[in-house]
Amino acid sequence: MWTWKALKQREDGLLRPSAFRRGVVSSRASSLQLSNAKEFISLHRGAINSLEIDSTEGEGRYLLSAASDGTVAVFDTHRPTSSSTSSCASIAQHHPLFHLPRAHKFAISRALWYPVDTGLFITASFDHYVKLWDTNSTQVVLDYKLPAKVYGIAMSSIATSHSLIATATADVQVRLCDLASGAFAHTLSGHRDGVMSLEWSSSTEFVLITGGCDGAIRFWDIRRPGTFLLLDQSLSQLGTRPPLLPTPTPSNNESTSLPASSKSSSSTPILPAQKRRSHKKIQLKPPTQSSHPGMASSQNRATAHYGAVNGLRATADGFYLLSSGSDSRLRLWDIESGRNTLVNYEAMSIQTSKPIQLAVTPDSSLVFVPCLASLKAYDLWSGTTINTYRGHYESVNCCFFNAQDQELYTGSNDRQILVWSPSIPAATQIEEADSKGGITSIDQDNWSD
Amino acid sequence: MAESSQSKSGGKKRPRSESEGDPDADADAASLQSIQLENDLNFTDTAIALQMMKAQFPKLDKVVVRPFILRSQLYSSVKDRTQVDRDLESLKKEAVVRVFKLNTGKDDHAIMFMDDYLAQMENAVKRYDAKDKQLSDVFDWFKQYVIKSKTDVSISHPELCSLLSNGGDVTEKHVTLLINAGLLTRQLIDQNLYWFVIPNIGSILKGLSQGRKELLSLINRTKYKEMVLANLEKKRLRLSPLDIRFHIRDLIGSGLLKTVQSPIGLLIRLSRD
């Protein structure tokens, strides 16, 4: 009903078209329900670990799913392959376009589309291999052998000067694999335990964010060695943006965290002097020898979570980072100041053994978190629970929000991929069922692409 | 605090007006015990909630412990959790309260007022009879230099030594003394980091985790996994020295129980998920 009035207002010029679009998109995104018009027939025989829709401009159409039995499947989300007719409604069924039964020997933890187009996709598995596949011939083009099981991979979608796949393994080092040359480009070391999740920055093509099993979140600039920022959960700011006027912070809070020559301008310059005065009689280890901003923090033990960091997601504007940990907390970090914004997302219980995939709507209003057997949607800024989506029988592992159609796809241990779409008003359904001679939910213009 | 609490809670009217009258009355310690839990579940200010819960801390006969509040209890009382976190952060920085991480469960934190903690520390130090009198200076250094300046829940070994050395010459024996007295604990993951702890609290923590399990199993055994709050409050837990109101608040705040309004009154239900 909001839409009819808003349409009239748009016609009259009282509402701008972009505001109208935003309103429609956000009202659809907050009214998701288990879809009764669409379903994916998944042929996977193992838990579904990863779901991803390709990010080609203007058309996010193909859904890539990977499961614990080593299989990969691709679905077309726009065009169904058949439909099941029942008395009052027909459900469009989407069978996989192809299903690779033995893509890897062990479980696949993540499958990604090549960011530029859907001609390639990359899979990473617990059998220590990262493989690059050609979509049309479904053959392996390149593969990389890693020293330990791979928990996650990421490729930057805004990269123009490099085509690196960052891999997170049970080994403490993050390896960057180069697509162009087929070899390893570099290795980022600094984590003290395996790395479970990683993400490229959505604003710069050279910054990688990794979350480890030790609970630390590190920011790496791949052009330099070392971490330039480590997120510490005890450093916080009250409010989602750092305060305009510098508030006097107790100096001891800053002395162990950001290195003296860090990027943020809020660290006071009197810190090194105070530290030196207190070294009267005790011989300590010398303070971190930072020759340049990237090298510090090998001594830094700051943790972002009290358990492993098993999910990372940056907002589309590149300002904030969401991290979920096995201590069942979701934290929102302000990337520029590196501080915890202390937004408290109401009680959730996150599974501890596997990396999970979080989803954020592109206008940064909602975050979807898999919590055991249900999926919860929280308001990003206030932390209140907007909705709980219960439909899976076992723990949900991954979710993906399709911004084009405002649909949410979730995959879980019960081998199903569920579709959650904005609830269609009852009037439309009755009209569709009345029409004779066939299914109206399928697009009749099958030839247009 | 009583006058300011009255003016503060009076200024923020909420639709559930029957709970507004209570923070005013609660400042009076004598009438606290008679107020039903049902009326106490809505607050608008974290500090008022802390004061109230400190006053309602159960009297323990075997162990002498100053009142502490669990973070999940605060969440159950104040609606906006983000505001609670932010208020707690400012209270921590002003050194009004101190936060400790507990080892029961995933994300348990205990909040204690600064003067209570210092009193508890004094008791613990008095009870712990240090053999070497020279080393016992470390307790004063700890109080003066470390507690006042480090407001986090944990501290690293180099920083601890540097802060203590403001008082005098620090050796490993001093740190051992602090650990033995129960003021610091080593972290399991990292050898060089210590948690701050509340001394002499071990038996209560054991009672806390056992009491939680007992309360959850109590509700689990009912046919529909729910109980009327008034009936639940009358029960006594066998395994925990803390009273049942403490546990109910804690479990509501951590999301394992939820409250439902019904024609009978407030129901406590096991949350499924």
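These values consider heavy atoms only, across backbone and side chains, with no hydrogens, waters or symmetry-generated copies. Below, read A as the first sequence line, B as the second, and so on, with proteins coming before strands; counting in each chain starts at 1. Nothing here was measured: the structure is a model prediction, and the numbers come from that model.
Neither the backbone nor the side chain of B:Val84 comes within less than 4.5 Å of any heavy atom of chain A. In this structure, no portion of B:Tyr145 lies under 4.5 Å from any heavy atom of chain A. In this structure, chain A has a heavy atom under 4.5 Å from the side chain of B:Leu193, while its backbone stays farther away.
Counting only distance, with no hydrogens or angles, the side chain of B:Arg81 and the backbone of A:Val343 share no donor-acceptor pair below 3.5 Å.
B:Thr82 pairs with exactly one of A:Thr384, A:Leu332, A:Thr341, A:Asn344 by the side chain to side chain contact (heavy atoms under 4.5 Å, CB included) rule, that one being A:Asn344.
For the pair B:Lys101 and A:Tyr306, the minimum side-chain heavy-atom distance is below 4.5 Å. Proximity of B:Lys93 to A:Ser236: side-chain heavy atoms (C-beta onward) are separated by under 4.5 Å at one or more points.
Here A:Leu238 is the residue among A:Leu238, A:Asp214, A:Asp327 with the most heavy-atom pairs under 4.5 Å with chain B.
Taking each heavy atom of A:Ser234 and B:Asp152 in turn, the nearest pair found is CB-OD1, 3.6 Å.
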